2 protein chains.
Amino acid sequence: MESKQNTLYIASLAKGLRLLRAFDEGNTELSLAELAQRSGLDKSATQRLANTLYMEGMLDKDPDTRRFRPSHAWLQLAYAYYWSDPLVGQAIPKLIDLAQDLGETVNLAEISGDHIVYVSRLPCKRTYFAATIIGRRLPALSTSAGRAILSTVPEAERNAAIDTWPIRKFTPGTTTDRAQIRDSIEQAVVDGFAISTGQMILNEIGVATPIIGHDGRAHAAVQCSVSAHTWSREKIVQDILPKLQDTANAISPSFQPYRGTAQGPSDPD
Amino acid sequence: MESKQNTLYIASLAKGLRLLRAFDEGNTELSLAELAQRSGLDKSATQRLANTLYMEGMLDKDPDTRRFRPSHAWLQLAYAYYWSDPLVGQAIPKLIDLAQDLGETVNLAEISGDHIVYVSRLPCKRTYFAATIIGRRLPALSTSAGRAILSTVPEAERNAAIDTWPIRKFTPGTTTDRAQIRDSIEQAVVDGFAISTGQMILNEIGVATPIIGHDGRAHAAVQCSVSAHTWSREKIVQDILPKLQDTANAISPSFQPYRGTAQGPSDPD
DNA sequence: TGACACCGTATCATAATATGATACATAAAA
DNA sequence: TTTTATGTATCATATTATGATACGGTGTCA
């Protein structure tokens, strides 16, 4: 089989991880056959790996349908992650205050390669789409948070990112023109914040301010999503933005930049 | 080596998972040696497994200190979990409303073997310990949520649980006497809710109401934690409890009971 | 400065472990 | 009923993981 490399790579472990990754928002429970199909592994391998994950408590199994599901252990991993991320402890209390103050949903996003990951969400009111987005991974260029973060990196690197990083069309209103995205980011360089309309969801406006680290670069952003029905661009800049920036600045100074990086493939999901 | 069983158990995968589980609130970043020590694996195995996890993007690595950390992928797993858990989608919108209404922190907890797992948290105000508790796993008997859930199971099973399930002492005020815990749970059988004082944190009061499924049993609970400085038991019963119960009942009817169970060892952490 | 201990990294011959083809059983579809 | 698909179990083979060993770098104690 495709031995990824040399002797310090254990294929069995990697294959097991592929099974875990077979689950997502569209595939919440999978049969053995589906698991095999989605992971690209043959039936026998899938059988053994899934059984191992089951025995280790990483997968639940419905005794009737024999379908597999993510177990609570997946949340325990998130718990461990939270403690390991130095930014989380710093930011959460301030984000709580911000969310209470604004009365709108506030998110914390971090850069992860060419994507951003939502690390924490403080929901307020009836959130349009009430689903949690913790752990959601999106192309950085297509999000206000990603653009805010990119606005803090050196010009050359920034331009390279704008030219090469992935983009995805979520709604009819999603910007797919890189020139337009460049304008948006350059505007953010000047303004110190990024704002985008209807990129992810129709009638949704996102504002984000970068959380700047010691090196002057942002690795994260505070983001706020509001409805275009009740908010205008001007009103956001006037009422939300100042508080958003205060919060981001309050988090910034003591933040140890996050230097580690996994070299996983930049999967174009 | 200790082949857990037969031919449908892949030891390498299980060992890799042990590395992941080596990270927790007290061990947020680990060197290779520490990883080996905590997982109980020898240096070579740890080296290979950690390297594989790194290549697959499951671990980050600080290029200077060479220490490993949980990666963003751990949050992506949580994301997949949220979509797979039918209760989450049902409950979150109602919990948001409840949290806004109460102005206090609201949690969703699920039973997982003899422990409970916090699945979602809606923080309000300055939460005493602002840390997130999503994914935190606690002995069911030591929590208000666990007692609320246990109050809905048949008597025989309930008694067996009270006699055998694990207990842990978190504060000087934590109840370790099973007779007392039995009283607390039997009271919950009558009242329909559980309340506990200073079990996890000093001066913290927890109230929980069970979310009852089709089979009449609860697999989850809505929980609220407040400060004993500003709340008395009576005030909680008067002001918080009714809303808490309404919310739990609103979630209950349409909830498909969660039948799958991993057979992992009941680790006494 | 040198000696020592520790850690991360790399290599390699060996055998233990994972492999995947195959067969059986059960359940769903025709 | 027959047919198809899916979950489960078995087994001989060689591919794959193993772990002992060695090397280079770094920090610590004399």
Side-chain angles (χ1 to χ4, degrees), chain A residues 1-20 22-23 27-56 58-69 71 259-263, chain B residues 1-20 22-23 27-56 58-69 71 259-263:
Chain A
M1 178 133 276
E2 32 140 7
S3 58
K4 187 103 170 195
Q5 222 157 327
N6 41 9
T7 171
L8 32 143
Y9 183 83
I10 290 173
S12 308
L13 174 53
K15 287 179 200 162
L17 298 176
R18 285 169 72 179
L19 287 199
L20 299 184
F23 294 90
N27 299 275
T28 59
E29 55 172 51
L30 296 171
S31 67
L32 195 62
E34 290 165 339
L35 215 37
Q37 189 190 2
R38 282 187 57 79
S39 65
L41 302 167
D42 62 68
K43 195 168 74 165
S44 292
T46 308
Q47 178 190 186
R48 281 189 298 264
L49 294 164
N51 184 256
T52 304
L53 291 170
Y54 172 63
M55 303 218 61
E56 291 297 320
M58 287 300 293
L59 288 179
D60 282 352
K61 189 178 185 177
D62 187 304
D64 298 328
T65 68
R66 326 226 130 165
R67 306 185 115 233
F68 293 99
R69 296 249 221 103
S71 79
R259 314 185 59 187
T261 321
Q263 63 180 67
Chain B
M1 177 132 273
E2 32 142 7
S3 57
K4 188 102 173 198
Q5 222 156 327
N6 41 8
T7 171
L8 33 143
Y9 182 83
I10 290 173
S12 308
L13 174 53
K15 287 179 199 162
L17 299 175
R18 283 169 73 178
L19 287 200
L20 300 184
F23 294 90
N27 299 275
T28 58
E29 55 172 52
L30 297 170
S31 67
L32 195 62
E34 290 167 339
L35 215 36
Q37 187 189 4
R38 282 188 56 79
S39 65
L41 302 167
D42 64 67
K43 196 168 72 162
S44 292
T46 307
Q47 178 189 187
R48 280 189 299 264
L49 294 163
N51 183 256
T52 304
L53 291 170
Y54 172 63
M55 304 217 58
E56 291 297 319
M58 287 301 292
L59 288 179
D60 282 352
K61 189 177 186 177
D62 187 306
D64 297 328
T65 67
R66 325 227 133 163
R67 305 185 115 232
F68 292 99
R69 295 247 223 105
S71 78
R259 315 186 57 188
T261 321
Q263 64 179 65

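As the structure is a computational prediction, the values presented were derived from the model and not from experiment. Numbered from 1 within each chain, the chains take letters A, B, ... in sequence-line order.
Annotation for L59(A) and A50(A): closest pair CD1-O, 4.2 Å, computed over non-hydrogen atoms. Closest heavy-atom contact between S12(B) and L49(B): O-CD2, 3.8 Å.
A sub-4.0 Å separation between OP1 or OP2 of dA18(C) and a side-chain N or O of R48(A) is absent. Contact annotation: R66(B) reaches the phosphate of dT9(C) (side-chain N/O to OP1 or OP2, under 4.0 Å). Taking only side-chain nitrogens and oxygens, S31(A) comes nearer than 4.0 Å to OP1 or OP2 of dG7(D). In terms of phosphate contacts, K61(B) brings a side-chain nitrogen or oxygen within less than 4.0 Å of OP1 or OP2 of dT9(C). The phosphate of dA18(C) (OP1 or OP2) has a side-chain N or O of S12(B) nearer than 4.0 angstrom. For R67(A), no side-chain nitrogen or oxygen approaches OP1 or OP2 of dT6(D) to under 4.0 Å.
Here the side chain of T52(A) pairs a donor or acceptor atom with the backbone of I10(B) at under 3.5 angstrom. The closest donor-acceptor contact from the side chain of T46(A) to the backbone of L35(A) lies at 3.5 Å or more, if one exists at all.
Atom CD1 in I10(A) sits roughly 12 Å away from atom C1' in dG19(D) (whole-Å rounding). Counting to the nearest Å, the P atom of dA9(D) and the CD atom of Q47(A) are 8 Å from each other. Between the CG atom of L49(B) and the P atom of dG8(C) there is a distance of 15 Å, given to the nearest Å. dG8(C) atom C1' lies 14 Å from atom OH of Y54(B), rounded to whole Å. Across the protein-nucleic acid pair, D64(B) atom CG and dG8(C) atom P stand 14 Å apart, rounded to whole Å. Put simply, CD on Q37(A) is 13 Å from C1' on dT6(D), counting in whole angstrom units. If you measure from atom CE of M55(B) to atom P of dT9(C), you get 13 Å, rounded to the nearest angstrom. Protein atom CG of N51(B) is 16 Å distant from nucleotide atom C1' of dT18(D), rounded to whole Å.
Between dT10(D), dT8(D), dT9(C), one nucleotide has an atom nearer to the side chain of L32(B) than all others, and that is dT9(C). Of the candidate nucleotides dG8(C), dT10(D), dT6(D), dG8(C) has the atom nearest to the side chain of K43(B). Checking dT22(C), dG19(D), dG8(C) against every side-chain atom of D42(B), the shortest atom distance belongs to dG19(D). The side chain of K15(A) has dT19(C) as its nearest neighbour among dT19(C), dA10(C), dG7(D). Here the nucleotide nearest the side chain of A11(A), chosen from dA17(D), dT11(C), dG8(C), is dA17(D).
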So D62(A) and E29(A), side chain to side chain contact (heavy atoms under 4.5 Å, CB included) or not? Walk me through it.
CA-CA 9 Å; D62(A) 187 304; E29(A) 55 172 51; 5.9 Å; no
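Comparing A45(B) and A33(A) along DNA chain D, the residue whose closest nucleotide (by nearest heavy atom) sits nearer the 5' end is A33(A). Taking for each of L13(B) and F68(B) the nucleotide of DNA chain C with the nearest heavy atom, the 5'-most of the two is the partner of F68(B).
With rounding to the nearest 0.5 angstrom, the CG atom of L32(B) is 11.0 Å from the CZ atom of R66(B).
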